[in-house]
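Both counts, for ligands and for their atoms, begin at 1 and track the order of listing.
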Amino acid sequence: MSKYLSKSHSELSAYVPGEQPKDRKYIKLNTNESPFPPSPYAMRLARQAAGDLNLYPDPDCTALKDIAAEKFGVEPENIIFTNSSDETLNFAFSAFCDSACGAAFPDITYGFYKVFAELYGVEYTQIPLDSDLKIYVSDYIGIGKTVFIANPNAPTGILLSLAEIEQIAAGNMNNVVVIDEAYIDFGGESAIPLISKYDNLLVVRTFSKSRSLAGGRLGFAVGSKELIEDLNTIKYSTNPYCVNRMSMAAGQGALLDEEYFKHCVGTIIENREYTVKQLKSIGFSLTDSAANFVFVKHANISGNDLYRNLKEKGILVRYFDTERLKDYVRITIGSISEMNALIEAIKEIL
Ligand SMILES: *Cc1c(COP(=O)(O)O)cnc(C)c1O
């Protein structure tokens, strides 16, 4: 740390992304990326856009917004596009978490919520999951804080129903409820249709998981016109050109190529069900995941030992070094050959 760093930032502990080691080639099942390349149409549009990189991109992302509005059944002014959903969440913490009101989220969830809260000096409450690692909806009713819920939750993969999400939105009409739907395409029902009924509801989405564009950094939020206006105030006070031309074009292609999207998501779901069955048959317990990963533990091996042994065999999974999660590892669902390699490696380790 330099002596020049602002006092308010001197205590920050930054988010630690999943490791991306370069020492050898790994089967990467640790950061929930898609095993599939982007849609060929998305790649073609991105290549075309490269020819215009001398010009600033459209800060409103008009063409992309129009396509998304049609696809999700909302108006373009209900949508904001950003450089990743991490950036959308950043804007939401900045816009909607007055330090007086603060933020609330589960104790076990996406690790970035806490980092953003600390970055903006927002008071936050971490609400414990129950012993099954599930979210108690009643904990969030009338909580008087800005609520952040990942649905399905990470790293458990456990899904809340649309009715439960609606209860949380209805139970907090004086506060914003942010639903982070990074994994919703792998088995959940989106809360986007509820935004016309709840002007406090903000749904955050990403192109990184189900649309194979993690490297393109593209995310968006859907909410009432007023919430989106507020987020635009933050966006235009930070970096109006946050979505670059190539990612904007790739995003259009990814949304328009519905057939490819369905094929990829369908295959991941099949591979997940296959992996769940295989892991259960060799003694693992798993949370009921509706995401592109599984969260697993085995009575005969700790999470850390499993993680280290798999890494030695060239397979990366995610391990969380905390008291409640230390028995588990989180495994991204990849291609079927990656899953078979994983299962063989685990059998040898056990
Ligand atoms: C991966 C993930 C994100 C981040 O997505 P990006 O758009 O790549 O920043 C946000 N929330 C959750 C719960 C995630 O798992």
Side-chain angles (χ1 to χ4, degrees), residues 14-20 28-35 38 42 61 64 68 79-94 103 105-117 119 126 129 133 135 147-160 165 177-188 190-191 202-222 231 235 238-239 242-244 247-248 250-251 254-255 265 268 272 287 289-295 316-318 320 325 329-334:
Y15 179 72
V16 184
E19 59 185 329
Q20 312 276 7
K28 270 195 88 267
L29 304 177
N30 67 328
T31 48
N32 298 344
E33 289 142 316
S34 172
C61 306
L64 179 55
I79 304 181
I80 179 174
F81 272 92
T82 57
N83 178 316
S84 78
S85 67
D86 284 340
E87 185 170 71
T88 313
L89 292 163
N90 182 348
F91 292 169
F93 269 92
S94 166
F105 41 85
D107 63 339
I108 295 169
T109 189
Y110 186 41
F112 227 136
Y113 303 154
K114 187 173 152 193
V115 175
F116 284 132
L119 176 65
Q126 293 174 284
L129 300 183
L133 302 179
I135 290 172
V147 174
F148 290 82
I149 299 236
N151 194 43
N153 196 15
T156 63
I158 297 172
L159 180 76
L160 290 176
I165 296 295
V177 172
V178 178
I179 305 298
D180 179 353
E181 294 189 345
Y183 303 106
I184 198 75
D185 291 326
F186 300 105
S190 175
L202 188 74
V203 179
V204 175
R205 302 284 291 257
T206 178
F207 281 63
S208 294
K209 282 51 192 246
S210 58
R211 295 196 189 263
S212 299
L213 283 174
R217 314 307 298 129
L218 187 63
F220 63 106
V222 189
L231 290 174
K235 170 173 162 174
T238 312
N239 179 9
C242 57
V243 180
N244 73 74
S247 297
M248 213 183 301
L255 285 180
V265 167
I268 296 290
R272 180 182 70 210
T287 55
S289 173
N292 68 338
F293 56 82
V294 287
F295 196 52
L316 285 179
V317 299
R318 189 88 189 252
F320 299 89
L325 302 185
V329 296
R330 189 194 70 193
I331 304 170
T332 303
I333 301 301

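For Lys114, there are no side-chain hydrogen bond (donor to acceptor under 3.5 Å, both in side chains) partners, not counting sequence neighbours. Under the side-chain hydrogen bond (donor to acceptor under 3.5 Å, both in side chains) criterion, Glu33 pairs with Lys28, Thr31, sequence neighbours left out. In terms of the ring-ring contact (aromatic ring centres under 6.0 Å, His included) criterion, residue partners of Phe116 (sequence neighbours excluded) are, by chain and number, Phe93, Phe112.
Rounding to the nearest 0.5 Å gives a distance of 14.0 Å between CZ of Arg272 and CD1 of Ile331.
Sorted by chain then number, the residues whose non-hydrogen atoms approach ligand 1 to under 4.0 Å are Ser84, Ser85, Asp86, Tyr110, Asp180, Ala182, Tyr183, Thr206, Ser208, Lys209, Arg217.
Less than 6.0 angstrom separates the ring centroid of Tyr15 from the ring centroid of Tyr110.
Contact check for Tyr113 versus Asp180: side-chain heavy atoms found under the 4.5 Å cut-off.
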